[in-house]
Amino acid sequence: MDTAEKFDDKAPGNMKLADQIEGEQAMDETIRYPDQTVGTPYVDNPKMRMRDVEVFYGEKQAIHGVSLDIGKNEVVALIGPSGCGKSTFLRCLNRMNDTIDICQVKGNLHLEDQDLYDPKLDVVELRARVGMVFQKPNPFPKSIYDNVAYGPRIHGLANKKYDLDEIVETSLQKAGLWNEVKDRLHSPGTGLSGGQQQRLCIARTIAVSPEVVLMDEPCSALDPIATAKIEELIAELSESYTIAIVTHSMQQAARVSNRTAYFHLGRLVEMNDTDTVFTKPEHDLTEAYITGRFG
Ligand SMILES: Nc1ncnc2c1ncn2[C@@H]1O[C@H](COP(=O)(O)OP(=O)(O)OP(=O)(O)O)[C@@H](O)[C@H]1O
């Protein structure tokens, strides 16, 4: 039986959790079933507002009734055990799940007043407003310059070469890469190191002036030095953009985010300011995860 299905069976909640959690602590019957999200999932004037989100892959439900807000210029970290639905939820925020035929998304999802699932919405425009950086750096097989210029060109953001040059330079500067590449802008992006490629992908994402940047484990393919650079960058970018990041690293979530959302088996168990989640979690499940009792 897969993990998401276990949540749906009618056995007492404690038994279901005991099934889930490995080791001695697994039999701790004091752990509550997450009927309802605890903490502060909502904020005033959110940049993104999600309510009762359900996601299905065919018959199988991967996200169950998740409601949360992402505030303007906030960095929100999504954490939780493997398979709990973090990436699935993140991909709903710019309709990346549309690319998966069997995936169906239900619920209310808004970017300010824009209904993300309005059938009239131009998804290409949406993905310019809500950009995404993936786990594995994926530069186009083009020059560094053309990687960054690609989005502005297709969205008609620059009429003159001079304007495009300026967007490319500013984006590379914001991504902390300009000094390393300014003398080889016409070399292939794929010739850069992994960390540089990821910063190039960040430059490409911000070149179209998004309002929100989604990051799906952006550092998992990088070494500690490249990771530290991306983390510094996240702090700088949050001055201009709203950021949601999926991470497996609790240290990273603690370092970069303002609020943290803890997912478990497709449900949002707790969302709180990051210090609270890591020092005084409200939910037993969150505590079990951050203290390494399962994951
Ligand atoms: N394309 C897909 N087709 C079918 N099922 C999928 C697909 N993508 C994800 N799932 C399922 O949805 C559930 C949530 O997966 P998801 O990748 O969102 O979790 P996650 O928390 O991001 O995991 P990880 O940390 O391992 O990346 C899992 O049960 C997974 O097997």
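Every number for a ligand or one of its atoms is a count from 1 in the order of the listing. If you read the sequence from its start, that first residue is 1, and numbering goes on from there. We use all heavy atoms of the structure for the numbers below, so side chains are in, but hydrogens, waters and symmetry mates are not. What you see is a predicted model; the values in this text were computed from it and never measured.
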Could you tell me which residues satisfy ring pair (Phe, Tyr, Trp, His ring centres under 6.0 Å) with Y117, sequence neighbours excluded, listed by chain and number?
none
Does NZ or CZ of R51 lie under 6.0 Å from the centre of the six-membered ring of Y42, at an angle within 45° of the ring axis?
yes
Can you name the closest pair of heavy atoms from C84 and I79 and give their distance?
SG-O, 4.4 Å
Please identify which of these residues, K106, H64, Q104, Q61, meets the side chain to side chain donor-acceptor pair (under 3.5 Å) condition with E54.
Q61
Option with minimal heavy-atom separation from atom 24 (P) of ligand 1, where the choices are P81, S82, A62
S82
Would you check the N or O atoms of I102, main chain and side chain alike, for any that come under 3.5 Å of an N or O of ligand 1?
no
R204 to F140 six-membered ring, cation-pi geometry met (6.0 Å, 45°):
yes
Looking at ligand 1, is there an atom of it that comes within less than 4.0 Å of some heavy atom belonging to G80?
no
Where on C84 is there a heavy atom closer than 4.0 Å to ligand 1, on the side chain, on the backbone, on both, or on neither?
both
Just jot down the ligand 1 atoms closer than 4.0 angstrom to any heavy atom of T88, in number order.
14 (C), 15 (O), 16 (P), 18 (O)
